[in-house]
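If you read the sequence from its start, that first residue is 1, and numbering goes on from there. All ligand and atom numbering here is 1-based and tracks the order in the structure.
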Amino acid sequence: MSAEIIDGRKVAELVRASVREDVDQWVAKGNRAPFLQVVLVGDDPASIVYTGTKTKACKDVGIDTNTLVLQDTISAKELKGIIKDFNQDDSVDGILVQSPLPSHIPLYDVIETIDFRKDVDGFHPMNVGRLSVDQPCFRSCTPAGVMELFKHYSIPVKSKHAVVVGASNIVGSPMAVMLSRENSSGKATTTICHKYTRDLTQHTINADILVVAAGQPHLIKAEMVKEGVVVIDVGINRVADETSEKGYRLVGDVDFESVRKKASWITPVPGGVGPMTVAMLMKNTLLAAKKSLYPE
Ligand code: L34
């Protein structure tokens, strides 16, 4: 078997086109354009790339946006003060604080300061909690993007055995919730593996759907998966490569070339899950502007 490629760039473009249409309609009704406030602390090179991609996507769909760049010496208190001002500001619909933050700033202190009605990342405990009790909420963009890929390609999830490798707050944990609960079109039997899992292969080999978000290049090899598996590679690792212009290339957590021979579907890196993260952020920002999830 040779896997069909899941084209994240293509599906992301379709999601953006639908958001663009909705934004146009929203504005045609006399509303102002949705507004996303991005906060970038420090100069992490990947964060600069990702926030740049987000700004570009906003422009593309008609969402207004601004990126506040702060020095990495800023205190947690100052940063939280700035966020509180954005919470109060009625012209701000969505607030996104790009992760990671400098090590002296506790991420969840900052996330919990964001008004959950403006938490377009879906990281606030109110949104995470509502997700876990299957209630409408802002859903973390990366796992929501993965669910959108299943929907687009009509890949069945219900009653399948889904295995998630990685239990981060941003991806692994909400991914497992979405895969298992009803309102996210999951309904799969779900296993979560993490760094304490004893025999990873024992679990991955039984997966009908394997989502890998471990941050470890080439963690998943062909002998660890079964024939026909659907593989979603969320990993995005920079490895040194002198032959490339940038000095590095991107690889996922999955050994793509060997695993694709056994899989039925597989996402590439780049061009898989990454673009979906950005597209789902556009969707969430529109929901925030319309106050669809949390009406006043
Ligand atoms: N607050 N922090 C917050 N929200 C997020 O949703 C993120 N994430 C992760 C890191 N920190 C965050 C992102 O935006 C990861 N992430 C992200 C966003 C975009 C892409 C990858 C990760 C992306 O566009 N990937 C492209 C390649 C980009 C490149 O060339 O480096 C791809 O095709 O995979």
Any luck finding a side-chain donor-acceptor pair between Ser75 and Glu78 under 3.5 Å?
yes

Report the hydrophobic cluster partners of Val163, with the cluster defined as I, L, V, M, F, W, Y residues connected by side-chain heavy atoms closer than 4.5 angstrom, directly or transitively.
Ile5, Val165, Leu200, Leu210, Val212, Leu219, Ile220, Met224, Val225, Val229, Val231, Val254, Phe256, Val259, Ile266

Between Asn127 and Tyr294, do the side chains contain an N or O donor and an N or O acceptor separated by less than 3.5 Å?
yes

Test: salt bridge (charged side-chain N to carboxylate O under 4.0 Å, His left out). Region: residues 90-106. Which pairs qualify, not counting sequence neighbours?
Arg32-Asp93

Check whether the side chains of Lys118 and Gln37 place a donor and an acceptor atom closer than 3.5 Å, and report yes or no.
no

With the criterion set at N/O pairs under 3.5 Å, what does the list of contacts between the protein and ligand 1 look like, atom names and distances included?
residue	atom	partner	partner atom	Å
ligand 1	1 (N)	Val97	O	2.8
ligand 1	1 (N)	Asp121	OD2	2.7
ligand 1	2 (N)	Ser99	N	2.9
ligand 1	4 (N)	Asp121	OD1	3.0
ligand 1	4 (N)	Asp121	OD2	3.2
ligand 1	11 (N)	Gln98	NE2	3.2
ligand 1	11 (N)	Ser99	O	2.9
ligand 1	14 (O)	Lys54	NZ	2.7
ligand 1	33 (O)	Gly271	N	2.7

Among all residues two or more places apart in sequence or in another chain, which pass the ring pair (Phe, Tyr, Trp, His ring centres under 6.0 Å) test with His152?
none

